[in-house]
There are 2 protein chains.
Amino acid sequence: MKHIITQLNQAFDHRIRLGIMSILMVNDWVDFNTLKETLDVTDGRLASHIKALEKDDYLEVRKRFVKRKPNTSYRATSAGRNAFKDHLNALEQLLNNAKE
Amino acid sequence: MKHIITQLNQAFDHRIRLGIMSILMVNDWVDFNTLKETLDVTDGRLASHIKALEKDDYLEVRKRFVKRKPNTSYRATSAGRNAFKDHLNALEQLLNNAKE
DNA sequence: TAAAGTACTTTGAAATTCAAAGTTAATGTG
DNA sequence: CACATTAACTTTGAATTTCAAAGTACTTTA
């Protein structure tokens, strides 16, 4: 019988990507700076983790100008939401097992 | 306000270490081969992840002979249990947030 | 014209993880 | 006794991931 860890998704292995996704599960269109401040990461680092999630088509991007400033926002795609839900279910099982 | 990911413990970032700990939370003294088979990893890889947890004093080791064969078992220390519980609580919050 | 803000990209280094092979000590087999 | 085998590692070197720091493009504000 295989252990639950085999059902965890590598795309969400990193805490920052976990954080990005957990924010995007409950908020539609969150912008770069909000993510940056909420997760307390440098912009370069955030950008690279976002890029990784984008590459898997787990999130989509919207670029526009707000108050004459560039503003980039992100939201989870349905593929992203589904993949993340699966990941959370695996985590939940692991959690429940660990608590008896 | 800081995001919950800042409360995740880096020692448990890796899925294999997460698996080891989740097994040791509910089983006292689990041996090397059981861990190896349950988590489906090579012995070298398992040994190195165990070593990392040992270094943090999150688990302790017992070596003896069973049926004339060497048998090494592990269990979580109370420090390990506490640290893992904190980690699980952070994960749980993240999980609940992501599910609304 | 110069400075500042946004959202990156690039670079190179540090850290982590990995497979594969080698090791040690004890036991089992011929 | 010689040799193979098993358990549990350790070592090595390479691949992968992650990081900080610096650089960039575009636009707005002073």
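Here is the naming used below: chain letters follow the sequence lines, and residue numbers restart at 1 for every chain.
The phosphate of C/dA7 (OP1 or OP2) has a side-chain N or O of A/Asn33 nearer than 4.0 angstrom. Contact between the side-chain N/O atoms of A/Thr72 and the OP1/OP2 oxygens of C/dC8 is found at a separation under 4.0 Å. Checking the phosphate oxygens (OP1, OP2) of D/dT17, no side-chain nitrogen or oxygen of A/His49 falls inside 4.0 Å. Look at A/His14 and you'll find a side-chain N or O under 4.0 angstrom from OP1 or OP2 of D/dC19. Residue B/Arg45 has no polar side-chain atom (N or O) positioned under 4.0 Å from OP1 or OP2 of C/dT17.
Two residues are said to be in side-chain contact when any heavy atoms from C-beta on lie closer than 4.5 Å; A/Arg75 and A/Arg62 fail this criterion. Using a 4.5 Å heavy-atom threshold, the side chains of B/Val26 and A/Asn97 count as separate. A/Leu8 has its side chain within reach of A/His87: a pair of non-hydrogen atoms, C-beta onward, lies under 4.5 Å apart.
The ring of B/Phe84 has its center no closer than 6.0 angstrom to the ring center of B/Tyr58.
As a whole-Å value, the separation of A/Gln10 CD from C/dT16 C1' is 14 Å. Rounded to a whole Å, the CZ atom of B/Arg64 is 22 Å from the P atom of D/dT6. Counting to the nearest Å, the P atom of C/dT16 and the CZ atom of B/Arg15 are 18 Å from each other. As a whole-Å value, the separation of A/Lys67 NZ from D/dT29 P is 11 Å. Going from atom CD1 of A/Ile20 over to atom P of C/dA7 covers 14 Å, rounded to whole Å. The distance between atom NZ of B/Lys36 and atom C1' of D/dA7, rounded to the nearest whole Å, is 8 Å. Following rounding to the nearest Å, B/Lys51 (NZ) and C/dT16 (C1') show an atom-to-atom distance of 14 Å. The separation between A/Glu54 atom CD and C/dC8 atom P is 8 Å, rounded to whole Å.
Each of A/Lys69 and A/Ile16 has a nearest nucleotide on DNA chain D; the 5'-most of these lies closest to A/Ile16.
When distances are taken from the side chain of A/Thr42 to each of D/dA20, D/dA8, C/dT9, the shortest belongs to D/dA20. Closest to the B/Arg68 side chain, of the nucleotides D/dA8, C/dG28, C/dC18, is C/dG28. Closest to the side chain of B/Ala47, out of D/dT10, D/dA8, C/dC8, is D/dT10. Distance from the side chain of A/Tyr74 is smallest for C/dC8 among the nucleotides D/dC9, D/dA7, C/dC8. For B/Pro70, the side-chain atoms get nearest to D/dA7 when compared with the rest of C/dA7, D/dA7, D/dC9.
In the displayed structure, B/Lys99 atom NZ is contacted under 6.0 Å by more than 12 heavy atoms of other residues, nucleotides or ligands.
At the heavy-atom level, B/Lys63 lies under 4.0 Å from the strands shown only through sugar-phosphate atoms. Residue B/Arg17 is in sugar-phosphate contact alone, with no base atom involved, counting any heavy-atom pair closer than 4.0 Å across all strands shown.
Aromatic ring orientation, B/Tyr74 versus B/Phe32: tilted (interplanar angle from 30° to 60°).
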